[in-house]
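Just so it is clear, the values below take in all heavy atoms, side chains as well, and ignore hydrogens, waters and symmetry mates. To find a chain, count down the sequence lines: A is the first, B the second, and so on, and within it residues start at 1.
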Number of protein chains: 2
Amino acid sequence: MTSNVKEIFAGDAPPAPAALAAKVRTLAPSMTRSMQRVAEAVAGDPAGCAALTVTGLAELTGTSEATVVRTARLLGYPGYRDLRLALAGLAAQQQSGRAPAVTADIAVDDPIADVVAKLAYDEQQTLADTAAGLDTVQLGAAVNALAGARRIDIYGIGASSLVGQDLAQKLLRIGLIAHAHGDPHLAITNAVQLRAKDVAIAITHSGSTGDVIEPLRVAFEHGAATIAITGRPDGPVSQYADHILTTSTARESELRPAAMSSRTSQLLVVDCLFVGVAQRTYETAAPALSASYEALAHRHTPRGSR
Amino acid sequence: MTSNVKEIFAGDAPPAPAALAAKVRTLAPSMTRSMQRVAEAVAGDPAGCAALTVTGLAELTGTSEATVVRTARLLGYPGYRDLRLALAGLAAQQQSGRAPAVTADIAVDDPIADVVAKLAYDEQQTLADTAAGLDTVQLGAAVNALAGARRIDIYGIGASSLVGQDLAQKLLRIGLIAHAHGDPHLAITNAVQLRAKDVAIAITHSGSTGDVIEPLRVAFEHGAATIAITGRPDGPVSQYADHILTTSTARESELRPAAMSSRTSQLLVVDCLFVGVAQRTYETAAPALSASYEALAHRHTPRGSR
DNA sequence: GTCACATTTGAAAGATATTTTCAGGGGGGT
DNA sequence: ACCCCCCTGAAAATATCTTTCAAATGTGAC
């Protein structure tokens, strides 16, 4: 047990996960020259070495396969194959570690990969914020109103109009009578028809979009239950809303208009409403959901279905 | 470039690091039964599988070595060896990183607070998967095509129609000529007008929505650049797409229809396209962006606007 | 300075693991 | 019920990894 380093480590160390760099430093002194070259390469560029075969690494370091294997053994692995796996793991960890560079604003010269990462991160953040800030009592009340509604009118303009359409589509699919209005005049004309047992929903990020507030006011005054989905719960729209659902406001930048995160936020709220209503009306919703799915099936060409 | 998934991925995607779970879900539908077993094992226990040899994994899944290799290829790796390395990386990331907060399906009797939490979590997951699985090379090419386009036509039906409208709205706002078509017949009628320098975009989660594929085919045959945003890159729609942008597929349940996560995924892709184009055309886009913002200001009642 | 010994090193043989080939079998369509 | 196509796994072919062994190199003693 004198000079054989291999024996010192025998049996004790399960292959090292991330302690590899440290182990290299620890053991370097006890290594022969060519082994040190290998260890150095491995510690210096785990990702690159993980991509190499024994022969490749041997050539890169100007040594032989045997030396590479000996080095792997010395580091505590049964063979080169296992060292390679550990190397891949290490590389992945290192890479994921330096991820949080994405918090910065999107710049004009950002490579496309950064844009993807930053957008995804921002939207995830928006979702978390929205979920955290959503008042479940208000949400529950809104769901109740919707579940028993005779008719549902939804008002939204611009980007919010699409969110309204999304909600209307979903509610229709579970058998409710919902309509999304894009045109402010038609919206008001229709709002006049509403009465108790009906529900009106206004979607406006700013909380002060006149074209959306007006129809909600009319609905409110005619006795319908009213819901506001807005990022400004203190805005004018709230005057006429029985239930206020707050969406989150994320910082915006030139290349990332507010419309993006408000849309994400609004959609989450809308999904929550939908699922809540679907739960409440499960008896009728379940068959309706599968029915609409079946009806669409023939619209898809058979190929690629398996 | 028809139905061969291998070719679709050839050359473009360097083996995925953390996108693996997402990729498994994306490609699972196009897999054969035994391949699915392998993919399932791999996605379910990356660490465990990384420790296995081809033969071991074949035995574990009750299949043959050949099938394991085939699965690895389908997932975008040159062979099993490389899949194994990626697996080791994934395992390392998982272990070092986050708690794998398991999300149960949304149940009928879930309290509303749980619904909010689960939906938010699922959508965050969808975003992460989409970002990880998005091919930035394809994305860059698509952005290039859009940035120089004379005219842009967008096809989407049902839920995807809203995504198309969202994209059209955004592109219009930075001075591009974009139109989202909801009606299949009008879409085809318009597609005939397209020629080189024009871009056609088809949005379909299933990749096999005839009403969307047809106009894309027409556009393709008239020499327009074509982009497909789909969850099934091996689907029929890809035949006529110069650039394929893959959206992620999340598991769905009765109360959480696939439409929800596919919409989230599609919107992220669309946002990436938009920001990419805005970067590329910054000179004209920047003034256009602020101009449209100013134009809207008077539509908001003064109170609560700041 | 030279010899003897111990140690390191790489070439090549040997053992595993991976990939490819190919023929039999099962499922879906007509 | 039949046929065709495509999936599937056994086995051959190849690549990769491991071991062996002899030559080369360095080290210390005389």
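Between the side chains of Thr264(B) and Ser261(B), not a single donor N or O lies within less than 3.5 Å of an accepting N or O. Side-chain contact check for Ser265(B) and Ser262(B): no donor-acceptor pair (N or O, by modelled atom type) lies under 3.5 Å.
Of all heavy-atom pairs spanning Gln36(B) and Met31(B), the tightest one is NE2-O, 3.4 Å.
When each of dT8(D), dT18(D), dT18(C) is scored by its nearest atom to the side-chain atoms of Thr32(B), the top-ranked nucleotide is dT8(D). In the set dT18(C), dT19(C), dT9(C), dT19(C) carries the atom at the smallest distance from any side-chain atom of Arg73(B). Considering only side-chain atoms of Arg84(A), the nucleotide from dT21(C), dT8(C), dT16(D) that sits closest is dT16(D). Proximity note for Val69(B) (side chain, C-beta onward) versus dG9(D), dT19(D), dT19(C): the nearest is dT19(C).
Where Ser34(B) and Arg81(B) each meet DNA chain D at their nearest nucleotide, the meeting point lying more 5' is that of Ser34(B).
Note: CG (Leu74(A)) to C1' (dT8(C)) measures 14 Å, nearest angstrom. Here the C1' atom of nucleotide dA17(C) and the CG atom of Leu85(A) are 13 Å apart, to the nearest Å. In this entry the distance linking CD of Glu65(A) with P of dT20(D) reads 16 Å, nearest Å. Rounding to whole angstrom units, CD of residue Gln36(B) and C1' of dT8(D) are separated by 15 Å. dT19(D) atom P lies 16 Å from atom OH of Tyr80(A), rounded to whole Å. We find that CZ of Arg37(B) is positioned 8 Å from P of dT8(D), with the value rounded to whole Å. Between Glu59(B) atom CD and dT18(C) atom P the separation is 13 Å, expressed in whole Å. Atom CG in Asp82(B) sits about 17 Å away from atom P in dA17(C), given to the nearest Å.
Within the structure, every side-chain polar atom (N or O) of Arg33(A) is placed at least 4.0 Å from both OP1 and OP2 of dT9(C). Between Thr67(B) and dC7(D) there is no side-chain polar atom (N or O) within less than 4.0 angstrom of OP1 or OP2. A sub-4.0 Å separation between OP1 or OP2 of dT18(C) and a side-chain N or O of Thr53(B) is present.
Interface remark: the Arg70(B) side chain does form a donor-acceptor pair with the dG9(D) base, using a distance-only criterion of under 3.5 Å.
Side chain of Thr226(B) to backbone of Ala200(B): no donor-acceptor contact under 3.5 angstrom is found.
One distance of note links CD1 of Ile154(B) with CD1 of Ile227(B); it measures 9.0 Å at 0.5 Å rounding.
Contact annotation for Gly62(A): backbone-only contact, meaning every heavy-atom pair under 4.0 Å involves sugar-phosphate atoms and none involves a base.
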